[in-house]
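Keep in mind it's a predicted model, so treat the numbers as computed, not measured. Positions are given from 1, in the same order as the sequence printed here.
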Amino acid sequence: MSLQIKQIPCLSDNYGYLVHDPLSGETISIDSPDAGAILDALAEEGWTLTQIWNTHHHWDHAGGNAELAQKTGCTICAPKNEHVTIPDANRYIAEGDEVKLGAFTARVLDTPGHTLGHICYVFDEQNIAFVGDTLFSLGCGRVFEGTPEQMWESLAALKTLPGETLIHPAHEYTADNARFALTIEPGNADLQARVAAISALREKNQPTVPMRLDLEKKTNPFLRPDSAAIRAQLKAGAASDSAVFAQIRALKDSF
Ligand code: ZN
Ligand code: FE
């Protein structure tokens, strides 16, 4: 049997995710953006929450920890480097650690940049990744605590996952990201086709995520600082990938 994933739109543009293992009966919540919405989703499926896996300390990711732990008795895994800002976890984890959902295993990746302790969770055998606010569909998280160089290294690490990996980000920012992406690489035919598909989904109020990593690599400007077309557009010459990434991130910050 495979994992069951329930996507929960909540707050203004967040996605919570419940991951359920029918064999063990365990259910984890990736982050805790909105305790009420997560409790409703659990009730709807008849699932019992056993763990929360936090990606980072922002309120729209860890703000529901206390209420969910109190109401369900679940345990909490949180980033080791955010033990001060997420003080209520039962276990602190970092790259090299593994977390278990029944017989399924996820690997922890350190992805600093958006926050310094941000981590991602990768189920390698299932090709499923939960990436919090590091990678978005056609975008990436704002660099609040780390440096653009750190954020680029984090995205470069995610880029090495298999192309069929289903990326589960924590926000629905795709339509806005698409408008920006077209200004960075207007001639990218894959991007143009994708933007059309995204508009159609959003018109029906459908989610545009999860998304496959291989399509993201072809269309997301933040994963493409090596693209000749983008370098020409930005007059970036032979700058490093990390410097071109920083330039794209700065443009998006004021878009
Ligand atoms: Zn965040
Ligand atoms: Fe967020």
Could you give me the CA-CA distance, side-chain angles and deciding distance for K252 and D176, then say whether salt bridge (Lys or Arg N to Asp or Glu O under 4.0 Å) is met?
-> CA-CA 10 Å; K252 178 67 168 69; D176 179 60; 3.1 Å; yes
Would you say Y121's side chain and N54's backbone share a donor-acceptor pair under 3.5 angstrom?
-> yes
Q4 side, atom CD; H20 side, atom NE2 - distance, nearest 0.5 Å | 5.0 Å
Indicate if L215 and I128 have the same hydrophobic cluster label, given that clusters are the connected sets of ILVMFWY residues with side-chain heavy-atom separations under 4.5 angstrom.
-> no
Quick one: sort the F222 and F180 rings into parallel, tilted or perpendicular, breaks at 30° and 60°.
-> parallel
Main-chain N/O of Q206 paired to R202 side chain as donor or acceptor, under 3.5 Å = yes
Enter the distance from C77:SG to I119:CD1 here, rounded to the nearest 0.5 Å.
-> 8.0 Å
Nonpolar side-chain network containing Y173, other nodes, edges under 4.5 Å | F136
Nearest-0.5 Å distance that lies between atom NE2 in H168 and atom CD1 in I30 | 9.0 Å
Between E98 and T105, do the side chains contain an N or O donor and an N or O acceptor separated by less than 3.5 Å?
-> no
Can you measure from CG (D40) to CD (E45) and round to the nearest 0.5 angstrom?
-> 12.0 Å
Do L166 and I28 belong to the same hydrophobic cluster, where Ile, Leu, Val, Met, Phe, Trp and Tyr are linked whenever their side-chain heavy atoms lie under 4.5 Å apart, directly or via other members?
-> no
With rounding to the nearest 0.5 Å, note down the distance linking CZ in R224 to CD1 in I230.
-> 5.5 Å
Is the backbone of P112 close enough, under 3.5 Å, to the side chain of S154 for a donor and an acceptor to pair up by distance?
-> yes
When rounded to the nearest 0.5 angstrom, what distance separates CG in L101 from OG1 in T27?
-> 7.5 Å
With sequence neighbours left out, what residues match D34 under side-chain hydrogen bond (donor to acceptor under 3.5 Å, both in side chains)?
-> none
Test H114 against every option in H58, E145, R142 by the side-chain hydrogen bond (donor to acceptor under 3.5 Å, both in side chains) rule and name the one that passes.
-> H58
The single option from T115, T55, I86 that satisfies side-chain contact (heavy atoms from CB on, under 4.5 Å) with H61 is T55
Linked hydrophobic residues, I52 as query - side chain contacts closer than 4.5 Å = I8, L18, I38, L39, L42, W47, L49, L68, I76
Crowded around K71 NZ? As in, over 12 foreign heavy atoms under 6.0 Å?
-> no
Can you hop from I167 to L191 via hydrophobic side chains spaced under 4.5 Å?
-> no
